[in-house]
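Notes to accompany the following structure.
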There are 2 protein chains.
Amino acid sequence: MQNYISKYMEIIAKNGIRNTKQKEYILLELISSSTHLTAEQIHQRVKERKIGLATIYRNLKLFESLGIVKEIPSGGTSYYELKLFARKPLHIHFKCLKCNCMTDMDDSEITMEYVRLNQKVEKKLGAEVMDADITLLGICSACKAKFK
Amino acid sequence: MQNYISKYMEIIAKNGIRNTKQKEYILLELISSSTHLTAEQIHQRVKERKIGLATIYRNLKLFESLGIVKEIPSGGTSYYELKLFARKPLHIHFKCLKCNCMTDMDDSEITMEYVRLNQKVEKKLGAEVMDADITLLGICSACKAKFK
DNA sequence: CTACCTGCAAAACGTTTGCAAGACG
DNA sequence: CGTCTTGCAAACGTTTTGCAGGTAG
């Protein structure tokens, strides 16, 4: 965990960008969260440490330009997930229609199927496909239990 | 084409909602367009007939609740596509990073692969998966030619 | 007729930007 | 120290809402 942070900080330093505690706090929230977070959700979790929402947006955008973070737009807002050092370089997102939480679909068979799909598309269009946003919409297990 | 409009109007009437020329114009634009449209793009195409932007948003939301239209959020705005009577009930979107146009990926092999993916997920999670947003990002053929 | 629908303008929402003060290296 | 980064507030673009007038059934 602390290990990850130092790797991210190294990348940041290597690009001539200053390491600040604000950047560290944001990255820590993304590392420790089991779900993907919106800028507002990150703000809720760090605002007691007097960090402005604008700083969070600025750094998320910065992290994205460095390839550290990926933005996932969904339903009027964006969720952010770590891209570098993530176990799953390409994967499928699952968004709950009840609680709006955004998580990864963790299933090797499904990811395999997705990789096949991506290969087909890349073969078909050449190098033109740069990225993919795949989000499945439904009810998460926590909400399923809650509303039963 | 006129055939489609009457089918949509029938659904609208069946739900106790009034058929207006504003609703018809919006649906006609969605039917005749080769790409998926934003609310603003629809407004550009019908505003000479004195239709307010708010009416377009209101009706798109209404159409969505009736299952006629699907919203595809991408990059700060939303695109809308017809869902009912569409040739492709489940398909993949392609968004061009140069011109921001949003189209359907029209390839039976790829769609097949997607259906397989969906089946795997549904089998895994049961009936919890209600919908999927799949958008591939890249450069469309028109832009590819233009910038070469 | 009456309830629903519309246009307009104002408000709300998420995100970005300008600027002076602060902190990293 | 110089310059990059921050917090705050204002600005921005998209979407929603309140309200008075208009229109479908």
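Between the side chains of B:K95 and B:S74, at least one donor N or O lies within less than 3.5 Å of an accepting N or O.
Counting only heavy atoms from C-beta outward, the side chains of B:L27 and B:I12 approach each other to under 4.5 Å. By the 4.5 Å heavy-atom criterion applied to side chains, B:L30 and B:V69 are counted as neighbours. Within the 4.5 Å cutoff, the side chain of A:L82 has heavy atoms near those of the A:Y8 side chain.
Looking at residues 51-62 of chain A, you'll see A:I51, A:G52, A:A54, A:T55, A:R58, A:N59 sit with a heavy atom under 4.0 Å from some atom of DNA chain D.
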All N/O contacts under 3.5 Å from nucleotides 20-25 of chain D to the protein, with atom names and distances to one decimal?
residue: D:dA24; atom: N3; partner: B:R18; partner atom: NH1; Å: 3.2
residue: D:dG25; atom: OP1; partner: B:N19; partner atom: N; Å: 3.4

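The two atoms that bring B:T35 and B:M102 nearest to each other are CB-O, 3.4 Å, heavy atoms only. Between B:K98 and B:I139, the shortest heavy-atom distance links the atoms CG-CD1, 3.6 Å. The minimum heavy-atom distance linking B:M9 with B:K23 is given by the pair CE-C, 4.4 Å. Between B:P73 and B:S78, the closest heavy-atom pair is CA-OG, 3.6 Å.
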Run the side-chain donor-acceptor check on residues 50-66 of chain B: report pairs under 3.5 Å with partners two or more places apart or on a different chain.
residue: B:N59; atom: ND2; partner: B:T55; partner atom: O; Å: 3.2
residue: B:S65; atom: OG; partner: B:L62; partner atom: O; Å: 2.7

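As judged by a 4.0 angstrom heavy-atom cut-off over every strand, B:S78 is placed among residues touching the sugar-phosphate backbone only. At a threshold of 4.0 angstrom between heavy atoms, the contacts of A:G16 with the nucleic acid are absent.
A 4.0 Å heavy-atom criterion places the boundary nucleotides of DNA chain C facing chain A at C:dG14 to C:dG25, written 5' to 3'.
The main-chain N or O of B:H36 is never found under 3.5 Å from a side-chain atom of B:S33 such that the two would form a donor-acceptor pair. The main-chain N or O of B:T38 is found under 3.5 Å from a side-chain atom of B:Q41 such that the two form a donor-acceptor pair.
Contacts of A:H43 classified as ring pair (Phe, Tyr, Trp, His ring centres under 6.0 Å), with partners at least two apart in sequence or in another chain: none.
In the helix from C:dC1-D:dG25 to C:dG25-D:dC1, the terminal helix axes, each the rotation mapping four pairs' C1' atoms onto the next four within five end pairs, subtend 40°, rounded to 10°.
Residue A:V46 is tested with A:Q44, A:E48, A:R49 for a side-chain contact (heavy atoms from CB on, under 4.5 Å); the sole match is A:R49.
Distance CD (A:E24) to C1' (D:dT6): 16 Å, rounded to an integer number of Å.
Taking the nucleotide of DNA chain D with the nearest heavy atom to each of B:A39 and A:K50, the more 5' of the two is matched to A:K50.
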